[in-house]
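Worksheet: the structure to be examined is printed underneath.
First listed ligand is number 1; within each ligand, the first listed atom is number 1.
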Amino acid sequence: MITASYRRSLTISAVRAAIADARRNGLTIACVPTMGALHEGHLSLIREAKKRADFVVATIFVNPLQFGPTEDLDRYPRTLESDSVLLQEAGVNLLFSPSVAEMYPDAAKPPLSATTPNHSELRSAINPVEVSSPGYDSEFEGAIRPTHFTGVLTVVAKIFNIIQPDIAVFGQKDLQQLSMIRRMVNALNFPIEIVGAPTVREDDGLALSSRNRFLSEADRKNVVKIYEALSAIRSSFEKGEIDAVRLKAVGLDVLRPLKSVLTLDYLELVDPDTFIPVSTAVTGTGVIVALRVGNTRLIDNIIL
Ligand code: AMP
């Protein structure tokens, strides 16, 4: 289906004008932020947004602020032209795909330090004001990627201020990100409803991710174990096991045969709102996992 009203805007002022038009026509507005390299998971968020609002804005922006100094910013896949076709077919009304200079005008200025700037100097040169959530942004993904959530919250806050949507849709695939965004919206009084959408998976259970394309054929077969481990924990829980240590052991047993190829960052049972580990699992407990295979890092989770 091709939407007659599809538009693509590169600038904040063009987006604001298009949104003002939609508002004048009394339309409700949904926003789906992405980094592009779109797959069925992203498109499911668009479908969710279309169910809930009249005018859907997707954003594609590979946000340098959320990548650490040694992370995969340069090799992150960028497929803007084919993404745009997919979004138009999915019925998106407006695609906002700004440049780094549009989002971070200060990035064009010389680094603050005369010597080689360190990462935090570079970051403050990119955006002089940041949104962070001390106390919550340093566990799990935050522990392994120390500045990641500050980068995410800052860019999402900017996107929210630019688009001013009624609702915004995010994937449960990035469960910690979803909880951080909900916390930010509550703490900073954004009048935006945050909708979490279920994780879309391949037939064998692997969660769709823009990074899956980097997996070798052999690794692709091995990473099926991630969902197998999560599913084994779920089935053990459903049979009555509630002790978090024992449930975790069930998942580790599934991953252990692959320990020479998969490097586990964490496997934990947590409260999905606070990301504090639990000792007893209940319905609604989050099971989160992150691991590395070759140069690719994958995360996944289920809710019991
Ligand atoms: P990304 O482009 O990876 O930053 O993701 C953009 C949005 O898509 C985020 O809200 C993700 O949680 C969501 N997303 C990514 N992968 C999936 C998936 N397999 N199923 C559902 N949502 C997803």
Side-chain angles (χ1 to χ4, degrees), residues 30-52 56-68 71-73 75-80 82-84 86-87 90 92 95-98 100 103 140-141 145 148-160 163 165 167-185 192-215 220 223-224 226-227 230-231 272 275 286 288-290 296-303:
C31 167
V32 181
T34 82
M35 298 204 299
L38 300 182
H39 51 62
E40 205 32 55
H42 298 111
L43 298 179
S44 75
L45 306 186
I46 302 288
R47 286 193 288 274
E48 193 59 44
K50 281 183 68 70
K51 274 193 245 161
R52 292 166 180 264
V56 174
V57 187
T59 70
I60 295 182
F61 181 60
V62 182
N63 173 33
L65 209 58
Q66 72 191 66
F67 287 77
E71 291 181 358
D72 58 352
L73 174 63
R75 79 163 187 158
Y76 198 85
R78 289 160 170 88
T79 56
L80 190 55
S82 54
D83 288 349
S84 176
L86 287 175
L87 292 173
V92 162
L95 165 60
F96 177 41
S97 54
V100 172
M103 288 298 272
F140 300 107
E141 284 310 284
R145 311 179 68 189
H148 174 66
F149 286 122
T150 297
V152 170
L153 294 183
T154 301
V155 83
V156 171
K158 284 167 76 78
I159 288 170
F160 284 176
I163 295 171
I167 71 158
V169 186
F170 293 87
Q172 283 169 19
K173 158 78 166 51
D174 298 281
L175 191 63
Q176 197 175 3
Q177 169 176 286
L178 178 61
S179 89
M180 303 283 302
I181 289 167
R182 285 192 201 283
R183 186 172 300 107
M184 175 183 80
V185 161
I192 300 173
E193 181 194 349
I194 303 301
V195 176
T199 301
V200 177
R201 300 178 179 280
E202 302 278 9
D203 289 343
D204 63 8
L206 178 67
L208 298 191
S209 163
S210 308
R211 292 183 169 102
N212 290 351
R213 71 189 67 200
F214 296 131
L215 297 169
R220 173 64 187 82
V223 296
V224 172
I226 302 172
Y227 190 59
L230 294 174
S231 302
F275 270 69
I288 56 171
V289 61
T296 303
R297 195 161 174 279
L298 300 177
I299 62 171
D300 200 352
N301 68 83
I302 55 168
I303 305 285

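With values rounded to the nearest 0.5 angstrom, L43 atom CG is found 9.5 Å from T34 atom OG1. Rounding to the nearest 0.5 Å places CD1 of I163 at 5.5 Å from OG1 of T59.
At least one N or O atom of M35 sits closer than 3.5 Å to an N or O atom of ligand 1. Looking at H42 next to ligand 1, an N or O pair under 3.5 Å apart turns up. Considering backbone and side-chain N/O atoms, P33 never comes within less than 3.5 Å of an N/O atom of ligand 1. Of the N or O atoms in V200, one or more lie within a sub-3.5 Å distance of an N or O in ligand 1.
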Listed pairs under 3.5 Å, donor-acceptor, residues 192-200 side chains, sequence neighbours left out:
residue	atom	partner	partner atom	Å
T199	OG1	K173	N	3.2

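Under a 4.0 Å N-O distance rule, the pair D300/R201 qualifies as a salt bridge. The pair R211-D72 meets the salt-bridge criterion, since a charged nitrogen lies less than 4.0 angstrom from a carboxylate oxygen.
Looking at residues two or more places apart in sequence or on another chain, you find a side chain to side chain donor-acceptor pair (under 3.5 Å) between N63 and Q66, Y104.
Taking a cut-off of under 4.0 Å to the non-hydrogen atoms of L208, the atoms of ligand 1 that pass are 16 (N), 17 (C), 18 (C), 19 (N). Atom numbering of ligand 1 starts at 1 in the shown order; those under 4.0 Å from a heavy atom of Y76 are 3 (O).
Looking only at heavy atoms of the protein, atom 21 (C) of ligand 1 is closest to P198 O, 3.5 Å. Nearest non-hydrogen protein atom to atom 23 (C) of ligand 1 is K173 CB, 4.0 Å. Looking at atom 13 (C) of ligand 1, its nearest protein heavy atom turns out to be L45 CD1, 3.6 Å. In this structure, the protein non-hydrogen atom closest to atom 10 (O) of ligand 1 is G171 N, 2.8 Å. Scanning the protein for heavy atoms near atom 12 (O) of ligand 1, the closest one is D174 OD2, 2.6 Å.
The shell of residues lying under 4.0 angstrom from ligand 1, judged by heavy atoms, excludes A37. Taking a 4.0 Å cut-off on heavy atoms, E40 fails to register as neighbouring ligand 1.
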